[in-house]
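Remarks on the structure that follows.
Each ligand, and each atom within it, is numbered from 1 in the order the structure gives.
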Amino acid sequence: MAFEGLMVSVSGVRGRVGHALTPEVVAQFAAAFGAFSLARSTSRTVVVGRDSRVSGPMFHRAVCAALQSVGADVLDIGMAPTPTVQLAVEHAHAAGGLAITASHNPIEWNALKFIGSSGLFLDATEGAAMRAFLDGVIPRATWDALGVVREDDAAIARHLDAVLALPHLDVPGIRQRKFRVALDTCHGAGSRIMPQLLDALGCEVHVINAEPHGRFHRPPEPVAENLGELEALVRSTGAAVGFATDPDVDRLAVVGDAGTAIGEDWTLALAADLVVSRTPGIVVTNLSTSRILDDVASRHGGRVERAPVGEVNVAVKMRSVGAVIGGEGNGGVILPDLHLGRDAPLAAALILQLLHVRGGTVSAIVHSYPQYRIVKDKLDRPDASLDSVYAALRAGFPDAVVDTQDGLRLTWEDRWVHVRPSGTEPIVRVIAEGPTEADAKELVRRCRTPLDALAKG
Ligand code: MG
């Protein structure tokens with residue numbers, strides 16, 4: 001079945017509200033997901049949660065009706081972070097979960113994220129099997145077999161309790177520090193868990209954009225250029241740290257004590273600094289994440305393994321190699337002790353514990369490591385295969401370590417470049433990192449040469 005204008009990825013589907021994304025389309029995907037989930041599980045329960053978007057309640061009703069129509073019982077946890085939905089799936093031993101959220105995308109978007117019975121997002125095989133239901137006849141229930149809807153308003157409290165019970169945290173110790181923390185939840189679901197978490201950790205909390213009404217007045221992606229208000233709040237309050245979450249609370253960005261955003265790659269680096277120092281082991285991240293993580297891991301006797309881009313790829317690799325921590329350079333931190341999903345409350349708690357045990361500031365910790373600069377570029381995807389580009393780059397950089405899991409990544413001692421076709425857009429991404437911006441730009445420039453030649457045909 002074709003859906004004009006929808007962005008369909010491995011574990012989700014998103015579109016602009018009122019354009020590609022309508023209740024009919026959402027209901028079709030939700031029914032397919034429900035049928036897929038029930039066919040693979042002894043449970044008949046599907047967990048449903050949503051972020052704060054204005055279109056959320058409308059799509060929530062469509063999702064619940066669609067799930068009931070295939071005989072799935074809905075466990076409705078209401079407005080909640082995506083990681084809370086994932087934890088609720090595990091807690092309820094459910095057949096799956098649906099998070100109604102377009103994550104960090106602007107206000108005009110909404111989306112569904114598909115969560116399997118293990119609490120992980122669907123992988124490529126599962127996603128294809130789910131979408132096959134869209135192409136066939138979705139089995140609907142008759143009147144006597146319709147699903148029921150139950151509400152569960154304790155999911156967020158359980159998530160909070162699970163974070164606070166982690167062995168990595170010394171909660172009484174953090175409480176004694178009385179950290180002053182600035183917080184920006186971007187009118188998202190984070191306002192349901194982040195202030196409560198920081199309060200439980202004894203912090204003096206200064207919060208902006210707290211009301212979860214979903215009317216984002218700035219781009220909701222927690223990247224440095226969108227965090228000016230939080231930077232100002234850190235400076236005006238003299239906070240030790242500022243935290244920003246995206247609308248569905250799986251990504252955390254950090255503003256340091258100097259009042260500047262330190263870059264999303266540092267969220268996982270700081271969390272890993274704590275966890276690997278306690279339990280030296282493997283850190284898993286994707287091929288486009290900063291090599292600062294390699295420096296952090298090796299300082300504490302650990303090492304990094306890399307997975308293709310995509311949260312589920314990182315989560316699956318973490319499970320297979322027994323990683324102690326993992327995540328992505330976009331502020332997504334995953335701790336297997338909690339669950340295999342990106343989790344912003346978790347990341348904030350680990351960073352406060354790091355500040356507690358190290359006794360220093362965010363800036364001092366950041367500056368104890370080498371500094372790198374990342375440069376990102378993108379271009380239209382050529383019609384022709386990229387294989388000739390990869391071959392030319394491997395020949396042009398014979399001294400690099402080669403990784404072909406996801407496009408081509410070339411790695412040296414202190415720099416790397418990653419060329420990969422996007423999974424959701426008709427573009428090729430080129431990302432490079434080096435000790436200086438000039439180094440990174442030079443790597444991007446050299447990779448663009450064969451790509452531009454291919455595009456010109
Ligand atoms: Mg998100």
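Distances from the Mg ion (ligand 1) to the N/O/S atoms of D246 are shortest for OD2.
Metal site remark for the Mg ion (ligand 1): S103 contributes an N, O or S atom at a distance under 2.8 Å.
Under the 4.0 Å criterion applied to side-chain N and carboxylate O atoms, R218 and D184 are assigned as salt-bridge partners. A salt bridge does not link R50 to D248: none of the charged side-chain nitrogens sits closer than 4.0 Å to a carboxylate oxygen.
Looking only at atom types and distance, the side chain of R420 has no donor-acceptor partner in the side chain of S422 under 3.5 Å away.
Vertex the Mg ion (ligand 1); arms to D248 atom OD1 and D250 atom OD1; angle 100° (nearest 10°).
Geometrically, R409 engages W416 in a cation-pi contact defined by less than 6.0 Å to the ring centre and at most 45° from the axis.
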